[in-house]
Amino acid sequence: MPPPLAANPGHAILSSLNDAQRRAVSSDAQTVAILAGPGSGKTHTLTSRVVWLIDYVGIRPEDVIVATFTVKAAREMKERIGKALGNGREKKIVLGNFHSIARRYLAAYGRHIGLNQKFGIADDSDSRAIIARICKRRKVELDPGTVRAWISKKKAKGNEPEDVPKTARQQATKTAGQQDLDECYEEYQAQLEKSNLLDFDDLLVKCVELLREFPSCVSNIQTVLIDEYQDTNGIQYELMKLFAQKNRSITIVGDPDQSIYGWRSAEIKNLWRLLKDFPGTAEISLEQNYRSFQSILNNSLLVIQQDKKRYRKALKPVHGKGSRPVLRRLKSASAEADWIVSEMRRVIVMSGSMLNFNDVAILLRSASLSRHIESALGKSGIAYKMVGGKKFYERVEIKTLIDYLRVINQPGNNDALARIMNVPKRGIGEVTIKGLLEEAEGSTFSVWTILTKHCRGDRNAKTKITKHAEQRIAAGLIRPLENIRKKIGESVGPTGTPFGLVEMIEQLLTALDFEKHLKTSYPDDYEQRWANVQEFMNLAADFVRDTDQSDDDFLPEIEELEQVKEDEMLPRFLANVSLASDAQTAEDEGEAKPLVTISTIHAAKGLEWPIVFVPAVYNGSIPHMRAEDSDEERRLLYVAMTRAQTLLYLSCPVFNSNGNGERNELSPFIEPVHRAFANKGPCFDRPIMSEIAKILGRQLQSEDAIFKAMPDMFMIEDNLFPVDPEDTRGASTSEITHGTNQPPRAKRQKLSGPGGGHDTGEEVPWRKEYTTTMEQSSAFTVSALPGFTSASAHQAALAKASVELETNKKAQAVKRMAHNRPADQKSILGFVRSTSGSGSAALTSSQSSNHNLIPAKLSQIVTNSNKPVKPAIAPELAAHKLPAGNQLSRPSIKKEEEPVKRKAYTCFSSSPTKPAPKEEEPEPEEEKEPPEPTRAAACLHSTTFLTPVQMNGGIKRPTGLGRAGIVPVAPIEKLRKPMTTTTTKMKPFKPPTMIRRP
DNA sequence: GTAAGTGGATCCCTG
DNA sequence: ATCCACTTAC
């Protein structure tokens, strides 16, 4: 029996948690739903709960399932649980992402539902190719991609949700293509079955089937925990229920606001399904944000709150206010990239290297947006890593090897065989390969069988194959692979070393003369590719070593049900490769050089950085042109913004880069609230830097030291690029100083199209487009130094303060909305009930389904359930006050967070020290604030002040920066060149990230 | 008619 | 990097 909570009040696990987290971790409710906003310690809470359940409730590790959404999250979770649990007990937990857990069960028990035990996994390219072929053969007018998406959706949906009545329009389009789609689906499944393959969705579908029919597979499971619950889809929900069918004990963690995988059939609705299916679920909200400055949270909320249907959650800042997030407008995408580079440099220098490139992330809506940024970073010699880009396993040379292994493992895998048939070149071409595939699909034989028969002379293939090609296929493909197949399991050589995975790959490489193939096919970078092959061998060796000694992959024995142990290395290795989005990062060994991170927003979920740039915030990028669900796009932006700890920059190129002067509209998510952003980077005075140091728990150098380390001619302000790129007079170079003669523009040009914003009537409070000579000169003498302020800036600050007072009242009202949950929305259940009827729209953002049943049923459930539903916010928490000094430290995660005393850093001038944020009342909203007292442009003659970062055109540069002062624009191909010169032992490719150095 | 090489437009997010 | 339309060599 679990000891009562009171018996362990001071237990180590609980001591590192705040009140809400503690309640979540130690809850004895059967089902627990934890709603966790960004930066609220979600993973920490979930891992603590696992430890709690095992150590204090007494559940055996092997009886716990923990499912995450990504491989990476699973790995991290395992590591953290391992640390807390000790004894390597975390290895016994059935822990992984949904797909790998499903695969494990299918490998062990799939036989019982008639699954061929040696099933392979059809990856992306497989299923794409199969579907493309089917479409072509049937002459279906549909785009193969669409068909594939349709099939995937159909599988991912699961059975449970009632069929949504289609709108008339949908019905019409459906019926037109319905027949085709259904037939393609059927044929696709038949093809997969014939090749003994399961695609990613099938893994889940089949596992559901298995657990339905043989519940005893999971009869040992006592409790189930799900991470990133908002991203589960219908079939995963079913799987979760089946995992937990014995005890119905489930803990989920999620945040509806961060649901960004709807396009992959994730359903926010699953949260309400859970509440419906598991009455008496305890809800706990984690609302304190330990990650970000208040101003970042404020602006993020301004974005997410535009979604009126959303379940409103609070986001309580723990840290100080910080500087205003920036919305920067640039002329073009390349100017944007150059600005990002210059701004990150400025931050780093101004911080006295307290911050470095490792602290910077650039988050993109689309991976393809990285082009300009990569080249700008390359030009400046800044190293970066790209996540979510090309994966190790997707490099061609690796993919080819894997395909060879797959054909060895499963000769019937036609697609893999088709891809390798002419690699290395064997004089066989597209047409022949296509013909063979067609022939195979029309017969009972696989391509491999047809080929062997043909070469042996047993039976001629219908497809024409030249004699030359035939010979080379026989000698270079069929024979070597058959030799290898024969050797599996044998011992080789006098020493009797077993013929394992590594030996197999070695022999394959020799038989194919793979090195020579690489040399001839890729003369430019063959070394790199060959090194990748070596690395692949290392990975294989690691895999063999790791799997030999750990019982990682096995499920606990169930008495009544026979389970198959996977003893063969090859199929397990291949499954691992297919399911791993990135390789087991065996990295480290000196992460010496700081790297800027470039990532897609999707891949950045769950991560955080001190400095975050979100470029390309325009309509068409975010929301994406092809996006169906604009609410989801908004959440995506919200996720991106909430990754930032201390500095957040959005930016938007005004003109379309590829086009002929086409304009970009500012993202509709930002347009209505753009006034809450500063129009250029903040000035990094002492108070701001101290605040940053505090939030990050770092030590800030003295002002003197920072100043001394500053490069000559350093641009202290964000002034290299015009704040209004459309102001042709104010081009970034020499015209700035002439601009003073122009009358100030009454109103900034709007970025949005007709009806986009509602500027009318709103007075823009004194916004200057450029500065006077007076200010400039003062800026560049005194106020340009950190901690010094010019008189004019001081006055601006005072003016700002008085405006703040005026707007306080109104702002506070807004603020309350922002930070406190509305009274009518105490809990999720309350939300569901209060939005009854029309509330069904709130449940499902995209599809409107008939979920009217929920409110009534739920209210019944609430009264009937034995466990009273707790209010989401404990009363004492609702009136929560931050401790004086604002030094609530993040529980346990941050180590020695040394509180930085504001007093310790006195400013040298009369510059008013930033008042400490008021603790009782949240700071007033910034929406109506005048711009921060921006310091004057720090240059009179901009040409002489350009830093090396400025790249526009062939601008004269300070001496010592390259011949003729003009940096040749490096073509992107050049950036890709491997660095083979310096390193002795080349580490060619470090999964999961790609590191490129100029 | 097939294989192989070339130049040009295009590219979202993931297991 | 991947997918084409197009040319050239066998």
Side-chain angles (χ1 to χ4, degrees), chain A residues 67-74 96-103 121-129 132 144-145 148-149 152 155-156 198-204 228 231-233 235-236 259-266 363-371 386-391 393-397 399 421-435 463-466 468-469 472 520-522 525 575-582 599-605 616 620-629 632-633 635-637 639-640 658 972-973 976 992 994:
Chain A
T68 64
F69 187 63
T70 63
V71 179
K72 199 168 139 206
N97 54 335
F98 272 102
H99 291 87
S100 57
I101 293 177
R103 195 206 67 85
I121 295 167
D123 65 20
D124 236 33
S125 43
D126 291 325
S127 57
R128 210 181 292 275
R148 191 164 166 275
S152 175
K155 288 179 179 175
L198 298 182
D199 69 17
F200 287 126
D201 299 308
D202 281 338
L203 286 175
L204 305 178
E228 304 281 15
D231 290 326
T232 55
N233 59 30
I235 194 84
Q236 285 166 335
S259 163
I260 52 176
Y261 283 94
W263 54 278
R264 233 182 73 191
S265 316
L363 305 183
L364 309 167
R365 169 69 250 259
S366 316
S368 55
L369 291 167
S370 70
R371 280 296 130 91
M386 178 91 196
V387 298
K390 267 274 156 292
K391 320 276 189 326
Y393 290 132
E394 284 169 18
R395 319 219 88 200
V396 268
E397 63 274 16
K399 227 173 154 351
M421 214 180 284
N422 201 30
V423 183
K425 294 232 178 309
R426 297 190 177 95
I428 202 166
E430 237 175 283
V431 180
T432 314
I433 292 174
K434 272 231 172 72
T463 315
K464 225 195 260 165
I465 305 174
T466 60
H468 178 66
R472 293 175 72 176
T520 51
S521 306
Y522 310 96
D525 56 353
N576 189 287
V577 165
S578 310
L579 286 175
S581 59
D582 43 37
S599 170
T600 59
I601 300 175
H602 283 92
K605 197 168 68 164
S621 170
I622 185 159
H624 193 270
M625 246 155 39
R626 277 184 47 201
E628 299 145 22
D629 183 353
E632 176 158 320
E633 297 290 306
R635 291 193 294 267
L636 201 50
L637 184 57
V639 168
N658 60 343
I972 203 103
E973 288 75 25
R976 296 249 161 75
M994 177 156 38

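Numbered from 1 within each chain, the chains take letters A, B, ... in sequence-line order.
Note: CG (A:L204) to P (B:dT14) measures 18 Å, nearest angstrom. Separating the CD atom of A:E632 from the P atom of B:dT14 is a distance of 13 Å, rounded to the nearest angstrom. Spacing between atom CE of A:M421 and atom P of B:dA3 amounts to 11 Å, rounded to whole angstrom units. We find that CG of A:L369 is positioned 12 Å from P of B:dC11, with the value rounded to whole Å.
You'll find that the side chain of A:T600 is closest to B:dT14, out of B:dT14, B:dG5, B:dA3. Comparing B:dA4, B:dC12, B:dA3 against the side chain of A:I428 picks out B:dA3 as the nearest. For A:A367, the listed nucleotide lying nearest its side chain is B:dC13; candidates were B:dT2, B:dA4, B:dC13. Picking from B:dT2, B:dG15, C:dT2 the nucleotide with the shortest atom distance to the side chain of A:D201 gives B:dG15. The side chain of A:R365 sits closest to B:dC13 out of B:dG5, B:dC13, B:dA3.
Between A:S621 and B:dC12, a side-chain N or O to OP1/OP2 separation shorter than 4.0 Å is absent. For B:dA4, the OP1/OP2 oxygens have a side-chain nitrogen or oxygen of A:N422 closer than 4.0 Å.
Residues that satisfy the salt bridge (Lys or Arg N to Asp or Glu O under 4.0 Å) test with A:D201, not counting sequence neighbours, are absent from this structure.
Looking at heavy-atom distances under 4.0 Å, A:K464 makes no contact with the nucleic acid at all. Contact annotation for A:Y261: backbone-only contact, meaning every heavy-atom pair under 4.0 Å involves sugar-phosphate atoms and none involves a base. Contacts of A:T466 with the nucleic acid, taken as non-hydrogen atoms under 4.0 Å apart, are absent.
The distance from the CG atom of A:L363 to the CG atom of A:L369 is 12.0 Å, given to the nearest 0.5 Å.
The aromatic ring of A:H602 does not stack onto the base of B:dT14, failing the criterion of a centre distance under 5.5 Å from the six-membered base ring together with planes under 30° apart. The aromatic ring of A:W263 is stacked on the base of B:dC13, with the two ring centres less than 5.5 Å apart and the planes inclined by under 30°.
Ring centroid separation for the pair A:W263 and A:H602 comes in under the 6.0 Å cut-off.
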